[in-house]
Amino acid sequence: TTFCQAQNIVKSFKESGIDNIVFRYTGWLSGGLAHFYPAGSRAEKALGDKREFVELRNALADNDVKFFPDVGFLYVHRDKVLDGFSPRRNGARFLNRKLAKVYDFDLATYQRDPLSFCYILSPRMLDSAIDSFLSANEELNIEGISLRYMGEYLNSDFRENQELLVDRQQAKEIIQAQLQRLQKQHQIMITGGNAYSLPSVEYIINQPLGASNYDLIDKGVPFMQIVLHGYVNYAGTPMNLDWIDEDSLLKHIECGMVPYYLVTYAGSAKLKETEFDYLYATDYRNWLEQGSQLYKKVSTMLQGLHNQRITNHAEIGPGVYQTTYETGDRIIVNYNDKPVEVGGVFIKRKSAVRVNGEVDNR
């Protein structure tokens, strides 16, 4: 998806009736999705030149679309000479002092591929890596930034030299410090959403939508969504790469989650038999109609509640859940195959209703 094509995608979604868009752009750095070491790395030339990137940024700003170019600092997928990264000096170490690598595994044999791996950046190098990245891309005037790994991974560095050793607690403190630093000049988007990252971010994607459903668990509670709603914007996994059914839509409404799509301009067949073949349904043209319909359903149901806190959540009947906001408004979701009536409110099968209310301050 080139810089010009990205403009066309956003324009198409806007014309389909989706007004409030937050745009995360992955693969824009040199090397693509599995980009080179980001310190000093610039925009990928195959996608366009600097002028076209600036045009994309300006076009998004003119259409009130928030822009989050994506970068991954903690893992080095591709390394080249004189890029500022030396595996021996800058890579993290395992407990046995060997260089830490994360391998891809063959699904058929369960054996790791010795030629397909990435290095783990030592946390002590994070400050300089971010410095170099920001300096190299300062002229692009990026207001938002998507941090692919910093919201969900902590890596230690077990070097023999005690002055260079970084344990998990120290790694957490380093990442917290960098997030606080970036927050002063950028809006931040992260994946996952570990607790230490929450005070510094505006958006979270790939947030778990349900429980693990292990035998030990009786019921799932959207605890994280209850805590974060009204403070941080959050979305689950891409809806076009997940199983989409009535329950999935209802869960988004119950938890106040934002629909999230991962799309490309080129057809998905371009990625067949590549390392990115998990992106099997990303052609944006195939999702315009569904995305527009889903947006209208969710935005109609949750209108005006975007910045409101959730004050209560409960199962008020078998398969029926109620989410209450600080305004007094209630969202009641019926997951059953039959209509139900709860407290004088009638809810059709596999649907949700909103009961408007006012806070009683007496």
Next item on the list: May I ask you to test the Gln111-Phe105 pair for a side-chain heavy-atom distance under 4.5 Å?
Entry: no
Next item on the list: Just jot down the ring pair (Phe, Tyr, Trp, His ring centres under 6.0 Å) partners of Tyr37, sequence neighbours excluded, or say none.
Entry: Phe85
Item checked: Counterpart residues, side chain to side chain contact (heavy atoms under 4.5 Å, CB included), relative to Glu44 (two or more places apart) -> Ser30, Ala46, Leu47
Note to self: According to side-chain hydrogen bond (donor to acceptor under 3.5 Å, both in side chains), who are the partners of Asn8, at least two apart in sequence or on a separate chain?
What the structure shows: none
Notebook entry, point to check: Which pair of heavy atoms, one from Ala136 and one from Ser41, lies closest together, and at what distance?
Noted result: CB-O, 4.2 Å
Check: With sequence neighbours left out, which residue pairs that include part of residues 253-273 fulfil the salt bridge (charged side-chain N to carboxylate O under 4.0 Å, His left out) condition?
Finding: Lys251-Glu254
Next item on the list: Sequence neighbours left out, what passes salt bridge (Lys or Arg N to Asp or Glu O under 4.0 Å) with Lys66? Give chain and number order.
Entry: none
Check: Salt-bridged, Arg148 to Asp70, with N to O below 4.0 Å?
Finding: yes
Next item on the list: Could you tell me which residues satisfy side-chain hydrogen bond (donor to acceptor under 3.5 Å, both in side chains) with Thr191, sequence neighbours excluded, listed by chain and number?
Entry: Glu152
Check: Who pairs with Arg168 by side-chain hydrogen bond (donor to acceptor under 3.5 Å, both in side chains), at least two apart in sequence or on another chain?
Finding: none
Next item on the list: For Arg349, check salt bridge (Lys or Arg N to Asp or Glu O under 4.0 Å) against everything at least two apart and list the hits.
Entry: Glu246, Asp337
Item checked: Cationic N near anionic O, under 4.0 Å, Lys350 to Asp247 -> yes
Check: Quick check, are the ring centers of Tyr265 and Tyr284 under 6.0 angstrom apart?
Finding: yes
Check: Is the Phe53-Phe67 ring centre distance short of 6.0 angstrom?
Finding: yes
Note to self: Once salt bridge (charged side-chain N to carboxylate O under 4.0 Å, His left out) is applied, what residue pairs with a partner in residues 99-123 remain, sequence neighbours excluded?
What the structure shows: none
Checklist line | Exercise: identify the closest heavy-atom pair between Ala352 and Leu250 | finding: N-CD2, 4.0 Å
Check: Is there a path of hydrophobic side-chain contacts, each under 4.5 Å between heavy atoms of I, L, V, M, F, W or Y residues, that connects Val263 with Val258?
Finding: no
Margin query: Working note: Arg124 + Arg159, criterion side-chain contact (heavy atoms from CB on, under 4.5 Å); need CA distance, chi angles, decisive distance, verdict.
Written below: CA-CA 12 Å; Arg124 60 188 171 81; Arg159 291 179 175 265; 3.0 Å; yes
Next item on the list: Flag the pair Phe73 / Tyr75 as yes when their ring centroid distance falls below 6.0 Å, and as no otherwise.
Entry: no
Checklist line | Audit row: Thr237, Asp242, side-chain hydrogen bond (donor to acceptor under 3.5 Å, both in side chains) steps and yes/no | finding: CA-CA 7 Å; Thr237 55; Asp242 204 350; 2.9 Å; yes
Notebook entry, point to check: Is the Tyr325 to His229 ring centre distance short of 6.0 Å?
Noted result: yes
Next item on the list: Count the heavy atoms of every other residue, nucleotide or ligand shown that sit under 6.0 Å from CD of Glu138, and state whether that count exceeds 12.
Entry: no
Item checked: Atom of Ala100, atom of Phe94 and distance for their closest heavy-atom approach -> CA-CE1, 3.5 Å
Would you tabulate the side-chain donor-acceptor contacts of residues 301-308 under 3.5 Å, counting partners in other chains and residues two or more places apart, or write 'none'?
| unit_1 | atom_1 | unit_2 | atom_2 | d |
| --- | --- | --- | --- | --- |
| His306 | NE2 | Asn233 | OD1 | 2.7 |

Check: Judged by atom type as modelled, is there a donor-acceptor pair below 3.5 Å linking the side chain of His186 to the main-chain atoms of Ile142?
Finding: yes
Notebook entry, point to check: What are the two closest heavy atoms between Ala39 and Ser132, and how far apart are they?
Noted result: CB-CB, 3.6 Å
Checklist line | Shortest non-hydrogen contact between Pro339 and Asn334, atoms and distance | finding: CA-ND2, 3.9 Å
Check: Who are the side-chain hydrogen bond (donor to acceptor under 3.5 Å, both in side chains) partners of Asp79, not counting sequence neighbours?
Finding: none
Next item on the list: Quick one: name the residues clustered hydrophobically with Phe68, using the 4.5 Å side-chain heavy-atom rule over I, L, V, M, F, W, Y, and just say none if it's on its own.
Entry: Val22, Leu33, Met189, Tyr203, Ile205, Leu241, Tyr260, Leu262, Leu271, Phe276, Tyr278, Leu279, Tyr280
